[in-house]
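Below: one structure, written as structure tokens.
Lettering of chains follows the sequences in order, A, B, ..., and the numbering in each one begins at 1.
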2 protein chains.
Amino acid sequence: MPVPHLTADLSGPIFDLEKRILDAMPTIEHWLRKQWVEHAVPFYCSVDLRNSGFKLAPVDTNLFPGGFNNLNQAFIPLCVQAMMAAVEKICPDASNILLIPENHTRNTFYLQNVVTLQAIMQQAGLNVRIGSLLPEITQPTPITLPNGDMLLLEPIKRSGNRLCTGNFDPCAILLNNDLSGGVPDILQNLQQIILPPLHAGWATRRKSLHFSAFDAVAQDFAELIGIDPWLINPYFTSCGKVNFHEKKGEDCVAVAVGEILREIQEKYTQYGVKEKPFVIVKADSGTYGMGIMSVKDSSEVYQLNRKQRNKMATVKEGLQVSNVLVQEGVYTFESINQAVAEPVIYMIDRYVVGGFYRVHTGRGIDENLNAPGMHFEPLAFDTTCVQPDRTADPDAIPNRFYAYGVIARLALLAAAVELERYAQQTAVLSITTT
Amino acid sequence: MPVPHLTADLSGPIFDLEKRILDAMPTIEHWLRKQWVEHAVPFYCSVDLRNSGFKLAPVDTNLFPGGFNNLNQAFIPLCVQAMMAAVEKICPDASNILLIPENHTRNTFYLQNVVTLQAIMQQAGLNVRIGSLLPEITQPTPITLPNGDMLLLEPIKRSGNRLCTGNFDPCAILLNNDLSGGVPDILQNLQQIILPPLHAGWATRRKSLHFSAFDAVAQDFAELIGIDPWLINPYFTSCGKVNFHEKKGEDCVAVAVGEILREIQEKYTQYGVKEKPFVIVKADSGTYGMGIMSVKDSSEVYQLNRKQRNKMATVKEGLQVSNVLVQEGVYTFESINQAVAEPVIYMIDRYVVGGFYRVHTGRGIDENLNAPGMHFEPLAFDTTCVQPDRTADPDAIPNRFYAYGVIARLALLAAAVELERYAQQTAVLSITTT
């Protein structure tokens, strides 16, 4: 099984970073254990990482992971075991879970993810039924996937403050739908546990709040193992009230781009990095890589053509972009057969259960790899992220994957902190309004 | 990878048992989750099972498992992940663990287990040092194993109520030593956590108390899934004050053997089993298969020759047999290349992390396979015990292994209950004596 190799020179900062992570392993694991006493871990999570050879950082944290089918089948038992730990916290009196997926009935890649997730939960001993939010699903609808797998979409019924399908009364609802289109009425004020909580959906979530939480996590972690936090943390800022259609708020974005480019250049100079800094401008809410652009000069913000403006002005399910995240771009120097590769790490509860590379031939090393219509090739990790080998080089594959698992768990921790903050806000708001 | 096949006809009770276990999976997993809320799970455990084709039952529950090296290397990540869950409960403020192994410095099979266990704990992010109870280990002593692996035995020092090795101050002590020779003074009244607790050692433990706890667990489980508890539970009774050297207490043993043989025959008749019932007589404390005999008639108890009497009169480390367990023998009908095979299931915390077959060519299907000097061939399970396949037959390998994992967890639960009872006794005793 081939694994992407890093085209960057590995005698520099990343080698040192991987070495420090490996050396500090007991310190790191102990620190993480303490964090999970203080912060409620999200049910599941995937994190997109970028490894530039001089920097290893998360660029996106997904609380509704949609690629369980891309994981190495050999390590699905890790998912089952972690799922057993995750479900211990919910449903003390039952074992029925209703899984609500995205409304993509034709995306067989995504549906394969739903099938895999359902199988993992069933193997962990749960009864799992799939409830669709689609109005056209009015009766149980079997869908057969290209590989022969079958899934059954069922209409969701609400009775009082409970959701059910048919005569199946779940004790918890697991969302695999990121609520980009807002929180549907049928999910409001339910008596059942909803996981992740509704405020984890893109109707509420802001990337800037995630990365603000990550700032603090990265700072603490950097102190813990004695590194420059920049090595694991991209610079960012955000702008509100942006409307690319009406050319409103562009000044804020242009100024932010300029500032971040300057900050990056300082670090590049400090570390002797020869590349040209770039910045990613993206919607502060939403997913699926819509509304994302890569910029190397602040003037580019003013020079968007109509097509680019349209692309930037909407994200998934028509959500209007108005808050914008301006984030340091991290080069990806991992490649396989000249194709750019970006690692994605999967977690269930606090456990790293696997990962894969998103391999894309038609994209540059400074572009976003998770863009609409881009059918990347998934390349499953050939080992787990939990078996570092301290007798091997810090950049040996099991050690690199361990480092990926550590950085991904920092993003998971940031997501935990972020979700706590929304919950507090909601609590404060409900006190204020009553 | 070959897996033993069952020579028994699989249309009978075991097929039905496996089917019921598979069908009741969500009920079972949910029930087990509830048990672990009520009972503290042992740190780790291995369970010897026997599958007779009409019965699947635990015959030995080891709280100091010594065969981690026999597990499938491909699934060691499951051990690492479960170890992470296990250590969360201990050492909130540190990550240093002292592992105390058995005093077998020449048994390379056992030492390979210690190396594997240390590696699992290290990969879970712990600092692990190995402290030897052997008086001749007066300085750090490296031992190189045949496969090139190295382990370092260090002398244990006690300072006040803490154990340490060199300048290594552990927050917890993990015993991989079953204390057959009693609890050494150096381990008494320690300030550090000891896992498993000292009363889990053979100086305290009684198999009869384990199987008495298992009786209740098996009864509850049988009601849960609607089966005859006998299908998973061997009959047993115990005799005190037995001295095989001096021919004392033999009447009790002979009467017990006769009674249990009668009870087994009743069940064999009920289920149409044609085999001849047999009974295992073994020391109520102790391990490593010493002091074990297989009996098909109560008269055999009186007809032991001197060699057999010597064998029955002592177990590991010279412990004198005086309490004796008389237990229904369970045939093993699993075999590979005509060799008898007995499954052993490994658990860390509440997770089934793997298993192997103990394959022995020179033994009968009605004999004990874990006997002194018997170098069985371990055959690692080729799949995990956590991926049952409900679309396959109930006796398909992943489903059979799932059933093994369920029955093993029942024995684990019985061990939890058993340990609670010793702890309560100790508490009562210390109140009585003060």
Side-chain angles (χ1 to χ4, degrees), chain A residues 24-34 36-37 72-85 87-97 119-128 149-150 171 348-354 383-391 398 402 406, chain B residues 24-34 36-37 72-85 87-97 119-128 149-150 171 348-354 383-391 398 402 406:
Chain A
M25 201 186 147
T27 308
I28 293 170
E29 295 299 331
H30 174 251
W31 181 82
L32 282 168
R33 283 199 294 279
K34 273 202 304 188
W36 299 130
V37 174
N72 192 326
Q73 284 299 305
F75 302 123
I76 291 293
L78 278 179
C79 295
V80 175
Q81 199 184 64
M83 186 60 76
M84 293 176 99
V87 297
E88 269 171 22
K89 299 163 189 168
I90 52 173
C91 293
D93 297 318
S95 45
N96 292 350
I97 305 247
I120 290 167
M121 296 176 80
Q122 284 170 337
Q123 288 173 333
L126 297 166
N127 295 311
V128 185
D149 282 349
M150 205 275 287
C171 66
I348 295 177
D349 200 274
R350 57 213 179 282
Y351 303 105
V352 179
V353 294
T383 70
T384 67
C385 302
V386 301
Q387 287 203 290
D389 178 0
R390 294 175 84 164
T391 65
Y402 174 70
V406 169
Chain B
M25 201 186 148
T27 308
I28 293 169
E29 295 299 331
H30 174 250
W31 181 81
L32 283 168
R33 285 199 294 279
K34 273 202 305 186
W36 299 131
V37 174
N72 192 327
Q73 284 299 305
F75 303 122
I76 290 293
L78 278 179
C79 295
V80 175
Q81 199 183 63
M83 186 61 76
M84 293 176 99
V87 297
E88 268 171 23
K89 299 164 187 169
I90 52 173
C91 292
D93 296 318
S95 45
N96 291 350
I97 305 248
I120 290 166
M121 296 177 80
Q122 284 170 338
Q123 287 174 333
L126 298 166
N127 295 311
V128 185
D149 281 350
M150 205 275 287
C171 67
I348 295 177
D349 201 276
R350 58 213 178 283
Y351 302 105
V352 179
V353 295
T383 71
T384 66
C385 302
V386 301
Q387 288 203 290
D389 178 359
R390 294 175 83 165
T391 64
Y402 174 71
V406 169

Mind listing the closest non-hydrogen atom pair of [X] and [Y] along with its distance?
{"X": "A:Pro77", "Y": "B:Val386", "answer": "CB-CG2, 3.7 Å"}
{"X": "A:Gln81", "Y": "B:Ala82", "answer": "OE1-N, 3.5 Å"}
{"X": "B:Ala74", "Y": "A:Phe75", "answer": "O-CE2, 4.1 Å"}
{"X": "B:Pro26", "Y": "A:Ser95", "answer": "O-OG, 3.7 Å"}
{"X": "A:Gly125", "Y": "B:Glu29", "answer": "CA-CG, 3.5 Å"}
{"X": "B:Met25", "Y": "A:Gln122", "answer": "CE-O, 3.0 Å"}

>> Does any part of the side chain of B:Arg350, heavy atoms only, come nearer than 4.5 Å to the side chain of A:Glu88, both counted from C-beta?
In response: yes
Report which part of [X] has an atom under 4.5 Å of a heavy atom belonging to chain B: side chain, backbone, both, or neither.
{"X": "A:Val352", "result": "backbone"}
{"X": "A:Ala24", "result": "neither"}
{"X": "A:Tyr402", "result": "neither"}
{"X": "A:Ala119", "result": "neither"}
{"X": "A:Val80", "result": "side chain"}

Kindly compute the distance separating [atom1] ([X]) from [atom2] ([Y]), expressed to the nearest 0.5 Å.
{"X": "A:Met84", "Y": "B:Leu32", "atom1": "CE", "atom2": "CG", "result": "7.5 Å"}
{"X": "B:Ile90", "Y": "A:Arg33", "atom1": "CD1", "atom2": "CZ", "result": "8.0 Å"}
{"X": "A:Gln123", "Y": "B:Thr384", "atom1": "CD", "atom2": "OG1", "result": "8.0 Å"}

> What residue, out of A:Leu126, A:Ile120, A:Val353, has the most heavy-atom pairs lying under 4.5 Å from chain B?
Replying inline: A:Leu126
